[in-house]
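Have a look at the structure below before the remarks.
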Amino acid sequence: MKRILLIVGGGIAAYKACELIRLLRRAGHAVRCVLTDGGARFVTPMTLAALSEDQVFTSLWDLKDEAEMGHIQLSREADLVVVAPATADLMARMVAGLAGDLATTLLLATDKPVLAAPAMNVRMWRHPATVRNVARLRADGVTVLEPDDGAMACGEFGPGRLPEPAAIAAAIERMLAPAAAFVAQDLVGRHAIVTAGPTHEPIDPVRYLANRSSGKQGFAIAAELAKRGARVTLVAGPVTLPTPGGVERIEVETALQMAAAVDAALPADIAVLVAAVADWRVETVGQKIKKDAASAPELRLIENPDILARLAADPRRPSLLIGFAAETEQVMEHAVAKRSRKAVDWIVANDVSGPPGSGVMGGECNAVHLVTSAGVETWASLPKAEVANRLAARIAAVFAGPRP
Ligand code: C5P
C-alpha cells in the first residue's frame, strides 16, 4: 500500500481522475485528493471524497485544514504526488514556483517524486510556452507524461488528451516500484523502434530459411527502454518470447514485412536494430516442392532490403540509430567498418563464434563491443538483460537535458 496525493486540476478531463482513483484504490493504494478551484468546476469534492474514502482538501486558507493538516504534512505523508489533469496553467505555475493556492504550495514544498499527466487543447500543448514549460519541469525532475492523441472535447484533434487512467496508473506503479528497481524516467516522450529475432523466408508454403537468433537481446533492450519511459515499438520476428511490459509488439515473419513495419512505425527518436534479418529470400515461392521430382530443387535467392542502411538514408532517420553486428572473426575491425559503411551512430558488435557465454546466438549472455564516434569500448560478458540495461542508460544519456 502506497499513499498517493492526487492534485486534480481544472479541465474537462478532471472526470477521468475519478476513474484513476478507483484504479489506485483497487490496487490497494491510499489516495488523498487536493482539488484546485478550477478542478472544482468539473468535479465536486464530494465525488472525490466518496471514491477516495478520505477528506478532500481544497483551500490553503481553510484554517481548519491548516490546523489539523498543515500543507507540508500533506505532502510529507505521501509517497508520490500526482497531478491529473495537469493543465497548461498549473504547469506554468509549477515552472514559475508560484504558491498562490493549496495545489501549487504543495508542489513547491514537496520533496516527493511528482508525476504530471497533462491535458489541454492541442494548440495550447504545442504552444512554445507550454513546450518550454514541459521541458523545464522535466529538467526539474518532474515526470511529465505525454498526452494522448485524438479527438478533443473542444472539437479539435491532436495531442493534448489526458492519458487514459490505466496508463496513468501504470506510470504511477513504475514510479512506486521499490528503490532497487527504480529506473530513471529519462526517456519519457521519446519513441524507440527495436527490431528483434530472426526472419523466416519462405521456400514454399511449409518450408523456410531461418537463422539461430532467439530475439532475447532485442526483447531485453525493448524492455529496458520502456522501463525508462520511452514509447517502444518492438518489431519482432517469429519468436515465442513474452512481450515486455509497456511495449507495443508488431509481429512479422519475413524481412520484407519487417522493413514495412519499421517504415510504418516512423518517426522515432531512437532505432535499435537487433534483428538477425535474413540477407536473402527465395525469389519465387510457389506450391509445396515435391520430393519425388527428378532432381533436387535449386533455390534462386535474391537480396532482402537492408533495413538499417535504408533507415540511415531516410529523411526521417531517427536521431540515434544503432545497429548490431554479429561477426565470427575480426569482430572489432568489421564493426568499425560497418559503422561508417552503414552511416549509423553506434554499432554493438559481438562474436557469435565464441565459447559459451560470449555472444553465441540463442545464449543467455553477450560479450559486446560498443563502437561509437569516440572509439570502441569492450564490455565484459554480461547477461543479455544487463547488456540491455547498460545500453539503455547510454541511450538515455544522449537525450539527457532539456528537450529541443
Ligand atoms: O551487415 P549486417 O547484416 O551484419 O548488419 C547487421 C545490422 O544490420 C543489424 O543491426 C541488423 O539488424 C541490420 N540489418 C537490417 N536489415 C538487413 C540486414 C541487417 O536491418 N537486411
Side-chain angles (χ1 to χ4, degrees), residues 192-202 208-222 225 232-239 241 249-266 268 270-283 301-314 316-354 359-362 366 368-372 376 384 387-388 391-392 394-395:
I193 300 174
V194 179
T195 67
T199 62
H200 284 181
E201 307 298 330
Y208 57 82
L209 298 173
N211 60 60
R212 295 186 192 282
S213 169
S214 66
K216 283 178 201 159
Q217 186 63 79
F219 273 59
I221 290 167
L225 294 174
V232 180
T233 308
L234 172 62
V235 182
V239 291
L241 296 173
R249 177 180 190 159
I250 305 199
E251 297 196 331
V252 297
E253 294 243 322
T254 66
L256 288 178
Q257 289 167 355
M258 188 171 273
V262 167
D263 192 68
L266 289 170
I270 304 152
V272 193
L273 301 198
V274 196
V277 184
D279 290 315
W280 303 280
R281 66 178 180 276
V282 177
E283 187 172 31
L301 302 179
I302 56 169
E303 215 170 303
N304 269 329
D306 187 323
I307 304 167
L308 181 60
R310 271 197 190 178
L311 211 45
D314 195 298
R316 298 163 298 168
R317 182 194 194 278
S319 52
L320 184 62
L321 181 55
I322 305 174
F324 268 61
E327 305 285 355
T328 52
E329 42 150 21
Q330 294 178 287
V331 178
M332 275 193 254
E333 293 79 351
H334 283 151
V336 170
K338 189 168 291 182
R339 183 179 162 273
S340 38
R341 190 175 69 246
K342 294 208 177 189
V344 298
D345 298 300
W346 301 350
I347 285 277
V348 182
N350 62 342
D351 184 346
V352 289
S353 70
V360 65
M361 272 185 165
N366 215 353
V368 304
H369 309 278
L370 177 64
V371 186
T372 69
V376 183
K384 286 180 174 175
V387 171
L391 190 64
R394 295 292 293 266
I395 291 170

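For ligands, and for the atoms within them, numbers begin at 1 and follow the listed sequence.
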Point to revise | Listed once per pair and sorted, the salt bridge (charged side-chain N to carboxylate O under 4.0 Å, His left out) pairs that draw on residues 317-336, sequence neighbours left out | key: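 Passing the test, one end in residues 317-336: Arg317-Asp345, Glu327-Lys338.
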Exam field: side chain [X] to backbone [Y], donor-acceptor pair closer than 3.5 Å:
{"X": "Asn366", "Y": "Val368", "value": "no"}
{"X": "Glu253", "Y": "His200", "value": "no"}
{"X": "Asp351", "Y": "Val331", "value": "no"}
{"X": "Thr199", "Y": "Val277", "value": "no"}

Review point. Relative to ligand 1, is Ala255 under 4.0 angstrom through side chain, backbone, both or neither, heavy atoms considered?
Key: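 No part of Ala255 is near ligand 1 at this cut-off.
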Practice item. Select one of side chain, backbone, both or neither to describe which atoms of Ile307 lie under 4.0 Å from any atom of ligand 1, heavy atoms only. Key: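 The part of Ile307 near ligand 1 is both the backbone and the side chain.
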Under 3.5 Å between some N or O of ligand 1 and some N or O of [X]?
{"X": "Ala278", "value": "no"}
{"X": "Lys338", "value": "yes"}
{"X": "Ala325", "value": "no"}
{"X": "Ile322", "value": "no"}
{"X": "Ala326", "value": "no"}
{"X": "Thr195", "value": "no"}
{"X": "Leu308", "value": "yes"}
{"X": "Ala275", "value": "yes"}

Closest non-hydrogen protein atom to [atom], residue and atom name please, with distance?
{"atom": "atom 14 (N) of ligand 1", "answer": "Asp306 OD1, 3.9 Å"}
{"atom": "atom 10 (O) of ligand 1", "answer": "Leu273 O, 2.5 Å"}
{"atom": "atom 6 (C) of ligand 1", "answer": "Phe324 O, 2.9 Å"}

**Study point:** Under the salt bridge (charged side-chain N to carboxylate O under 4.0 Å, His left out) test, residues paired with Arg339 that sit two or more places apart
**Key:**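 Per chain and number, Arg339 pairs via salt bridge (charged side-chain N to carboxylate O under 4.0 Å, His left out) with no residue.
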Exercise for review: Locate the shortest heavy-atom distance separating Val239 from Ser214; write the atom from each residue and the value.
Suggested key: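 Smallest interatomic distance, heavy atoms only, reads CG1-O, 3.2 Å.
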Practice item. Decide if atom CD of Glu303 counts as having more than 12 heavy atoms of other residues, nucleotides or ligands within a radius under 6.0 Å. Key: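 It does not: Glu303 CD has 12 such atoms or fewer within range.
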